[in-house]
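Since we're looking at a predicted model, the values are computed, not measured. Proteins come first, then strands; the chains are lettered A, B, ... in the order of their sequence lines, and each starts at number 1.
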There are 2 protein chains.
Amino acid sequence: MKSQALHGHLDALLLSVLEGGALHGYAIIEALKSRSGGTLNLPTGTIYPALRRLERAGYVESEWSTVNGRERRTYRLTAPGHRALAGERASWQELSSTVGRFLGTEPPPAAAT
Amino acid sequence: MKSQALHGHLDALLLSVLEGGALHGYAIIEALKSRSGGTLNLPTGTIYPALRRLERAGYVESEWSTVNGRERRTYRLTAPGHRALAGERASWQELSSTVGRFLGTEPPPAAAT
DNA sequence: CCCACATCGGTAGCCTTACTACCTATGAAG
DNA sequence: CTTCATAGGTAGTAAGGCTACCGATGTGGG
């Protein structure tokens with residue numbers, strides 16, 4: 001898939017991955033890859049700047065942990081990050097239902113639940 | 001909604017609107033607005049450049065029609081445009097199911113329909 | 001008549017964002 | 001010692017949409 005399409009939603013993906021617990025950058029990349037079934041194979045040059053962006057925004061915090069003599073920067077979701085994730089979820093749903101209406105992928109809105 | 005999120009899918013939306021028949025730019029904007037329930041209120045500065053991009057790509061053709069003394073440039077989907085739309089639909093579905101998996105909006109793939 | 005407004009098309013420059021292509025460093029395996 | 005996987009990072013580029021403009025015409029109100 002042309003990953004460029006992620007535009008604007010990478011942050012949401014990162015936040016959602018961190019929702020399941022703190023991870024370091026490399027592990028985040030692998031989590032994205034495995035949870036997407038290999039579809040999201042994002043390069044480090046995409047992830048690290050994004051993480052720093054999120055940190056600047058206050059949505060994640062990071063700290064260095066020395067594991068196996070390796071410096072790992074572990075990222076953790078903050079409270080604002082949780083809220084941001086909720087907002088991202090909402091706007092993703094809005095986007096996907098809106099675009100879906102045009103591209104014919106509209107998931108049945110009520111449908112049981 | 002923050003329209004920036006459309007990134008990369010604007011083209012698909014435009015193509016899908018034109019799928020229902022040729023329209024001029026202004027009418028396209030209104031079609032997007034009405035079919036989205038007002039969510040997609042895109043400015044001309046977004047639409048016109050996008051239409052020209054699509055035309056450059058060969059996905060739409062345009063011609064001037066003088067209506068009420070007003071020059072209207074009417075856009076029409078081409079055959080490649082139809083194919084492109086099909087591809088856009090496919091990649092949208094891939095994106096939405098992938099991102100949905102993370103943001104919890106994953107629509108049940110089989111689920112009756 | 002004149003001005004304001006809706007219709008209609010368009011362009012220039014900016015900003016965000018992701019990508020490619022690099023670089024650095026360490027521990028383990030050969 | 002060299003190579004590879006792990007791990008983190010930066011610089012520069014390209015794409016895409018947005019804001020803010022500009023120009024023109026037809027219509028209706030004052």
Out of [options], whichever nucleotide has its closest atom nearest the side chain of [X]:
| X | options | result |
| --- | --- | --- |
| B:Leu42 | C:dA18, D:dC18, D:dA7 | D:dC18 |
| B:His7 | D:dG16, D:dA7, C:dT7 | D:dG16 |
| A:Pro49 | D:dT10, C:dT7, D:dT19 | D:dT10 |
| A:His24 | C:dA18, D:dG8, C:dC8 | D:dG8 |

Can you say whether the rings of B:His7 and A:His7 are parallel (under 30°), tilted (30 to 60°) or perpendicular (over 60°)? parallel
Taking the side chain as C-beta and beyond, is there a heavy-atom pair between [X] and [Y] under 4.5 Å?
| X | Y | value |
| --- | --- | --- |
| B:Phe102 | A:Leu40 | yes |
| A:Leu32 | A:Thr39 | no |
| B:Leu18 | B:Leu54 | no |

Heavy-atom donor-acceptor pair, B:Thr44 side-chain to C:dG9 base, under 3.5 Å: no
Looking at [X], does any N or O in its side chain come under 4.0 Å of the phosphate oxygens OP1/OP2 on [N]?
| X | N | answer |
| --- | --- | --- |
| A:Arg72 | C:dT26 | no |
| A:Thr46 | C:dC19 | yes |
| A:Arg73 | D:dG9 | yes |
| A:Arg52 | D:dT10 | yes |
| B:Arg53 | D:dA15 | no |

Quick one: label A:Gly45 by what it contacts on the DNA or RNA (base, sugar-phosphate, nothing), any heavy atom closer than 4.0 Å.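 It contacts base atoms.
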Rounded to whole angstrom units, what separation is found between the NE2 atom of A:His9 and the P atom of C:dA18?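 Those two atoms, NE2 and P, are 10 Å apart.
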Please report the distance, rounded to the nearest Å, between CG in A:Leu6 and P in D:dG17. 15 Å
